Amino acid sequence: AASAPSATCSRATPTEPLATRLLIRPAVADDLPAITALYSREVDERVATYEYVAPDEVEMTRRWRGIVDQGFPYFIAELDGRFAGYAYASSYRTREGYRWTVEDTVYIEPWAQGQGVGRGLLQRLIDECQALGFRQMVAVIGDVSNSASIALHERLGFRTVGVFAGLGRKHGRWLDTVQMQLALDPGANAEPE
């Protein structure tokens, strides 16, 4: 198992600029307990994911390993030295013709929401996916009530391309699914390399 890189992270005061308080780095095996705990709360309490049973740390480690072994980026954020969230890109679909398209996933700890953590994670993910040669990024957002996620994606240039009404069911109600898309330069305007 990989270990976390050594990094000095001073306890900043909230009056310091976000850039000095926020660290975004590749996720390592030591991050999996925090990632698992955050995702478990999302599964149990919210509708950002339509999964019903929260996976354990072994399963989350398997999923993380599968994503990074395929060459996709997977990041965590630390705000003032505390785990604040994670984000990763994965294959949008498995068919070969979709290989230039990725789907993003972003989860933020409730205490860290509204402080720029999501924006920092998603921007880093966009930059990395573009550098890797991907041409499109898709966000599949669980339910239209997830206005914070929709707004985050809009701020970074995503546009809504569709809403699937009543596509999923969780916590005793039918849920819509919002599909958003961002073209990564040069998008569909040039042949892939």
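It should be emphasised that the depicted structure is a prediction, and the values quoted were computed from it without experimental measurement.
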Looking only at atom types and distance, does a side-chain atom of [X] sit under 3.5 Å from a main-chain N or O of [Y], one as donor and one as acceptor?
X      : Y      : answer
Arg99  : Glu96  : yes
Gln181 : Gln136 : no
Arg124 : Ile24  : yes
Asp31  : Val28  : yes
Gln130 : Asp185 : yes
Arg135 : Ala190 : yes

Compile the donor-acceptor pairs under 3.5 Å between side chains in residues 83-93 and protein atoms, sequence neighbours left out, one pair per line.
from: Ser91; atom 1: OG; to: Arg93; atom 2: O; distance (Å): 2.5

Which heavy atom of [X] sits nearest a heavy atom of [Y], and at what distance?
X      : Y      : answer
Glu78  : Arg25  : OE2-NH2, 3.1 Å
Ser149 : Ile141 : OG-CD1, 3.7 Å
Glu42  : Lys170 : O-NZ, 3.8 Å
Ile76  : Leu121 : C-CD2, 3.9 Å
Gly166 : Trp174 : O-CE3, 3.6 Å
Glu51  : Val43  : O-CG1, 3.3 Å

Can you tell me how far apart [atom1] ([X]) and [atom2] ([Y]) are? Round to the nearest 0.5 Å.
X      : Y      : atom1 : atom2 : answer
Met180 : Leu152 : CE    : CG    : 9.0 Å
Glu109 : Gln115 : CD    : CD    : 11.5 Å
Thr49  : Tyr39  : OG1   : OH    : 3.0 Å
Thr160 : His153 : OG1   : NE2   : 10.0 Å

Table please: side-chain donor-acceptor pairs of residues 52-61 below 3.5 Å, with sequence neighbours left out.
from: Tyr52; atom 1: OH; to: Arg169; atom 2: O; distance (Å): 2.4
from: Asp56; atom 1: OD1; to: Val58; atom 2: N; distance (Å): 3.2
from: Asp56; atom 1: OD1; to: Glu59; atom 2: N; distance (Å): 2.9
from: Glu59; atom 1: OE1; to: Arg62; atom 2: NE; distance (Å): 2.9
from: Glu59; atom 1: OE2; to: Arg62; atom 2: NE; distance (Å): 3.4
from: Glu59; atom 1: OE2; to: Arg62; atom 2: NH2; distance (Å): 2.5
from: Glu59; atom 1: OE2; to: Arg63; atom 2: NE; distance (Å): 2.9
from: Thr61; atom 1: OG1; to: Glu57; atom 2: O; distance (Å): 2.7

